[in-house]
Amino acid sequence: AGRCCFMAAVRAAPKRQAATIGLGGDSRGAPGVGHKQLTAAQRIEAATSTRREVTITDTQAWDAEALFRKYDPERTQLLTRGALTELLKEIGLDLKLGASFPASSRLAFDSHSADAHFLTLAEFKQLYYKISSWYPTLLPRETSLNITIFSAKDLPSTDTNGKSDPFCTVMCVRTDSSGEIIERKNWSKSTTKVVEKTLNPWWGEDFTDKYGYEEGDDLFFLIWDWDKGSQSEVVGKVLLPSSEFHRPGGFMSWLPIHVLAGEVPKGATPSLKVRVAVRGMPTPPPRLHVTVHSCFNLPPADPNGKADPFCTFQIVGKPASKSQTKVCFKTLAPVWNETFSGKYRYEDGDDLIFEVRDYDGKNAKPELLGRCLLANAEFAKMGGFSGDVPLQDVYKGIVPPEHGGKAYKPLLKLTAFLLDMMPPPSDEPQAAAAPELDASQAEASGEGGSAPAPMPPPP
């Protein structure tokens, strides 16, 4: 029934249609323009065809233009009969129609081509609309990339009020071996909204590649300052290589902005936070598993004798792998029990670094309470690592030891292992015993001797 419907509809399609997807109103018996007598051909067309206007979505328009562009490599703005046949095969119409596909393809071309030799983009869009209506599982196709532009921070000021009115654009580009852009795919460009009078804009907008991405393409981000009544100014740029996101897990992190205009405050690091995922990319379980359980014997960093600690985890030398726990308020013995994967950035030989910091508010720089390094050899072995790691570079506390204060020796409880280096689970797993704090640890923690949460056994 589907085959017959397609062929019948193609035969009934008008020979010429409006440049827009105009397939409004019934034109049968329409009088000539300016009351002129219609020719015989015009009367036949008016009596046998119906014109109506339809609207296609942005996604349909992008898809139609991308398909047309692919099969028009010489950029002639015309499709040949053979090119249309190959295009219809790519979207899977031959599998839907079976043996009737060759004849249907010829009829589709003849009924939409004004000169019976070539198909223009406007004519192809009319055919695209009909196919997408009859076979919605074929068209529109899925885009290759999902792109989220979250926010930027520490942008340079470009306005007299010390602020900016930033917005961000993204497009697919081709680069050479040195990283220089050699082709900009302007049709893949997307633009965020403008956030006025700020140096730390939040956009939180989702985009696609508009069918412009091919494997190997990089993503080019531009941060602009919008100026009412004048041309917008480029503030900074970011190039995200394909190797960073065309991989399991994609990419999600902050990227440093190369500043092109404005003044950056001393000590500030302009950055852009984005997420990019390749649709259809298989996502196996991450190889690295890291659980930050708890910490005890932290030094007090606030006047109340407590701290508001959180812990960050990162693969050494790979900022895109950075993750952070929640903040535990008013405690010297925080319990997090949060698990991270390194965002698929782990490679053999990588070390892990952990930092415990004190949160002092949204706009304040968190103080370092201590850090530690977990060497690769400690966890990249059968069974992984599970235990306490002493922190280094420890904060001296409200009263430093040299002035009679206590010397603190905090320990960070961690589990880290590689999935392929863990023994298979036993049929009768045994419950792990909860570790206990001794009296000195309980006193130092300031938590009334409460022990951290029991550490679960590795899976």
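What's counted below: heavy atoms across the whole structure, side chains too, no hydrogens, waters or symmetry copies. Keep in mind the model is a prediction, meaning the values are calculated, not measured.
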Contacts of type side chain to side chain contact (heavy atoms under 4.5 Å, CB included), residue R69, not counting sequence neighbours =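 R69: side chain to side chain contact (heavy atoms under 4.5 Å, CB included) contacts with E65, A66, R75, W187.
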What residues, two or more places apart in sequence or in another chain, satisfy side chain to side chain contact (heavy atoms under 4.5 Å, CB included) together with T76?
->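 T76 satisfies side chain to side chain contact (heavy atoms under 4.5 Å, CB included) with D72, E74, L78 once adjacent residues are dropped.
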Look at the side chain of [X] and the backbone N and O of [Y], then say whether any donor-acceptor pair between them is shorter than 3.5 Å.
X    : Y    : result
S321 : K318 : yes
D209 : L145 : yes
D351 : N376 : yes
K237 : H258 : no
T143 : K210 : no

Looking at every non-hydrogen atom in both residues, tell me the closest pair between [X] and [Y] and how far apart they are.
X    : Y    : result
W226 : E196 : CZ3-OE2, 4.3 Å
M422 : G384 : SD-N, 4.1 Å
K326 : W336 : O-NE1, 3.2 Å

Please indicate whether E263 has more than 12 foreign heavy atoms, meaning atoms of other residues, nucleotides or ligands, lying under 6.0 Å from its CD.
->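 Counting neighbours around CD of E263, 12 or fewer heavy atoms of other residues, nucleotides or ligands fall under 6.0 Å, so no.
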If you count the non-hydrogen atoms of other residues, nucleotides and ligands that lie under 6.0 Å from NZ in K381, is the total more than 12?
->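 Enclosed: over 12 neighbouring heavy atoms sit under 6.0 Å from NZ of K381.
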Close aromatic pair by centroid cut-off 6.0 Å: F313 and F354 |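 For F313 and F354, the ring centres are under 6.0 Å apart.
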Would you please indicate if the ring centroids of Y213 and F245 are separated by under 6.0 Å?
->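 When the ring centroids of Y213 and F245 are compared, they turn out to be within the sub-6.0 Å range.
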Taking the six-membered ring for Trp, are F150 and W202 parallel (under 30°), tilted (30 to 60°) or perpendicular (over 60°)?
->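 Tilted, since the angle between the ring planes falls between 30° and 60°.
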Aromatic rings F329 and Y359: how do their planes relate, parallel, tilted or perpendicular, breaks at 30° and 60°?
->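 Geometry flag for Y359 against F329: perpendicular rings.
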Would you call R81 and D110 a salt bridge, using N to O less than 4.0 angstrom?
->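 Salt bridge between R81 and D110, a charged N being under 4.0 Å from a carboxylate O: yes.
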